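Just so it is clear, the structure is predicted and the values come from calculations on it, not from any experiment.
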Amino acid sequence: MPKPPPHAAAATSDATAAAAPAGSETGGVSHGTNFIRNIIEDDLRTGRHGGRVATRFPPEPNGYLHIGHAKSICLNFGVARAYGGVCHMRFDDTNPAKEETEYVESILDSVRWMGFDWGEHLYYASDYFDQLYAYAELLVERGDAYVDSQSAEQIRAARGTLTEPGQDSPFRGRSVAENLDLLRRMKAGEFPDGAHVLRLKMDMRSPNINLRDPVIYRIRHHEHHRTGKRWVIYPLYDYTHAISDALEKITHSICTLEFEDHRPLYDWCVENLPVPYRPYQYEFARLNLTYAVLSKRRLIELVELGHVDGWDDPRMPTLVGVRRRGYTPEGMQLFCERIGVSKADSWIDMSVLEQAIRDDLEPRAPRAAVVLDPLKLVIDNFPADLREPCTAPVHPHRPELGRREFALTRELWIEREDFAEQPPKGYFRLSPGAEVRLRYAYVVRCTGCEKDADGRVTVVHCEYLPDTRSGTPGADAKKVKGNIHWVSAVDGVPAEVRLYDRLFAVPHPGAGDRDYKLDLNPQSRTVIRAWCEPGLAAAQPEQRFQFERHGYFVADRYDCRPGALVFNRAVTLKDSWTKR
Ligand code: ATP
Ligand code: MG
């Protein structure tokens with residue numbers, strides 16, 4: 001992860017300014033342009049790949065996907081969709097020690113959830129182990145690769161630096177016959193881990209360190225999640241990746257900028273081996289998101305140290321996490337579209353993501369009244385046994401969605417902050433003598449309150465004004481500035497509500513050499529008991545709502561059940577962070 005650049009804030013506001021209009025209907029395909037699209041369009045024009053577009057998304061199955069991967073998914077699957085091509089789903093599973101089937105399943109599930117489909121194109125680099133090995137023997141026979149028997153430390157020490165050339169290995173001059181014999185015995189399992197490696201014979205004096213005789217095979221006596229115990233030597237990433245792309249006839253191999261210096265090696269592999277295709281690599285800037293960490297190593301640590309409740313904790317920047325948080329795939333796509341694709345490293349502010357989620361949810365989330373911090377309101381002139389029917393639109397701008405029904409009763413729940421015994425200046429809600437509208441019902445005049453021994457308000461009293469009922473002729477003649485939501489204390493249903501906030505309290509967790517865990521936000525989760533309008537009793541897992549005046553919430557995927565409602569806050573209605 002790059003350190004925050006000095007102009008991080010400026011880069012951030014650029015991204016905000018470049019935001020596309022809200023809610024554009026794209027079906028997950030950006031209509032915008034970027035340099036990758038320009039390259040593809042040029043290639044389509046010139047017929048470089050015979051009019052084909054084939055990309056791939058190549059995660060290593062060593063963790064769960066995160067929001068950074070979403071950018072890569074939208075780009076790779078998005079261009080394939082936009083140009084009538086294909087995007088291959090490929091697991092880069094060359095490191096047996098760190099990979100697990102659990103991760104494979106979750107990654108596939110997350111890509112599908114994002115709205116993309118690889119069709120029949122599901123591949124594993126491990127499917128190519130035989131072919132990769134055959135090419136390795138060919139390289140040895142041609143004198144382009146040799147077995148090095150130095151230790152890992154010796155190899156590292158002899159590699160040189162950016163300013164100093166490397167030094168040839170004493171084993172570099174081994175004969176083809178000796179190299180072939182050693183490679184075959186490596187494969188046969190005759191040597192322990194680390195005894196030998198296979199290296200390309202390139203140039204130890206190259207200014208590009210990646211070309212100083214890169215290692216392409218190492219010994220690893222470790223069971224592989226797919227090939228079991230069949231192999232004890234495993235190919236390295238650069239070699240594997242280039243050849244996998246070529247075998248799958250990928251046209252545009254799109255990766256993040258840190259691979260730019262690896263491109264000459266990529267090109268060497270696809271140009272010097274008898275592979276069936278010549279793919280090209282292009283690099284783009286990876287996503288860096290403020291108030292988050294997007295490295296698998298750190299995410300694993302957060303899970304293992306118990307700072308979060310698991311990979312799908314709604315505070316995690318994983319795709320399973322944001323899903324549980326109530327974010328939608330369309331919202332994630334909108335975000336990816338807005339941040340665009342470029343070659344310049346920059347930071348995207350978390351507020352850009354949060355705004356995309358709001359913009360996606362606003363037009364479709366049904367509304368609901370929920371009181372998060374309940375205070376009892378008694379309408380003293382309202383009959384105790386009356387339940388007066390009220391209705392409200394499911395969505396204020398979409399009448400076709402119909403109306404919600406609930407009843408007004410003498411005793412209600414209101415938000416504690418909607419009453420002030422001594423109102424500050426400009427406070428237009430309830431206070432003794434003041435009038436407010438109870439949404440979708442009457443205007444009420446506050447008559448006073450009761451308090452407990454500690455002086456805490458326990459009940460607020462009011463009287464309703466009979467001619468002010470919402471929706472009846474002349475009701476609006478009564479002008480009031482405040483308009484508060486409420487839930488009947490008779491019919492309201494209780495719920496556990498988990499108020500999630502940003503996982504980190506600072507924009508650049510771990511900036512400098514600080515331990516990023518010290519930057520965790522201690523208030524990232526607050527669990528409360530709330531009262532909901534009766535209709536929410538039927539909420540289905542993953543159903544999303546706008547709780548009026550509060551924000552967007554989702555019925556928890558796993559914990560929400562009839563009779564035991566659980567909602568997670570996805571995002572507040574407005575950006576409250578910039579004011580902190
Ligand atoms: P991490 O650094 O989190 O371990 P990684 O790059 O090792 O991630 P891979 O599983 O190898 O993770 O990534 C799969 C694909 O996703 C790669 O093409 C990689 O370039 C891309 N990718 C990973 N992180 C980001 C990011 N932050 N922004 C954009 N693309 C990313
Ligand atoms: Mg990787």
* Is it true that Asp418 and Arg549 make a salt bridge, defined as a side-chain N closer than 4.0 Å to a carboxylate O? -> yes
Q: Indicate yes or no: does Glu450 engage Lys376 in a salt bridge with an N to O separation below 4.0 Å.
A: no
Distance col, row Leu319:CG vs Trp311:CH2, nearest 0.5 angstrom, shows 11.5 Å
* Would you mind checking if Lys451 and Glu421 are paired as a salt bridge, meaning a charged N to carboxylate O distance below 4.0 Å? => yes
| message | Does this structure show an ion pair linking Glu301 with Lys517, if we count only N-O contacts that are shorter than 4.0 Å? | response | yes
Looking at Phe545 versus Tyr552, is the centre-to-centre ring distance below 6.0 Å?
no
Using a strict threshold of under 4.0 Å (side-chain N to carboxylate O), is an ion pair present between Asp359 and Arg338? yes
- Message: Hydrogens and angles aside, do Thr318 and Asp312 bring a side-chain donor and acceptor to less than 3.5 Å of each other?
- Response: no
When rounded to the nearest 0.5 Å, the distance separating SG of Cys74 from CD of Glu337 is 8.5 Å
Notebook entry, point to check: If you draw a 6.0 Å radius around CZ in Arg403, do more than 12 non-hydrogen atoms from other residues or ligands fall strictly inside?
Noted result: yes
Q) Below 4.0 angstrom, N of the basic side chain to O of the carboxylate: do Arg324 and Asp313 qualify? A) no
Q.
Could you check whether Arg298 makes a cation-pi contact with Tyr516, meaning its NZ or CZ is under 6.0 Å from the centre of the six-membered ring and within 45° of the ring axis?
A. yes
One should read off an interatomic distance between Arg410 CZ and Tyr464 OH, to the nearest 0.5 angstrom, of 11.5 Å
Task: salt_bridge(Lys296, Glu60) N-O dist < 4.0 Å - done: no
Practice task
Decide if the gap between the ring center of Tyr327 and the ring center of Trp113 is smaller than 6.0 angstrom.
Solution key: no
Residues Ile107 and Pro59: closest non-hydrogen pair is CG2-CG, 3.8 Å
Can you tell me if NZ on Lys481 sees more than 12 non-hydrogen neighbours from other groups inside 6.0 Å? no
- request: Determine whether the aromatic ring centres of Phe77 and Phe116 lie less than 6.0 Å apart.
  value: yes
For Glu41 and Tyr83, does a side-chain donor sit closer than 3.5 Å to a side-chain acceptor? yes
Salt-bridged, Glu548 to Arg404, with N to O below 4.0 Å?
-> yes
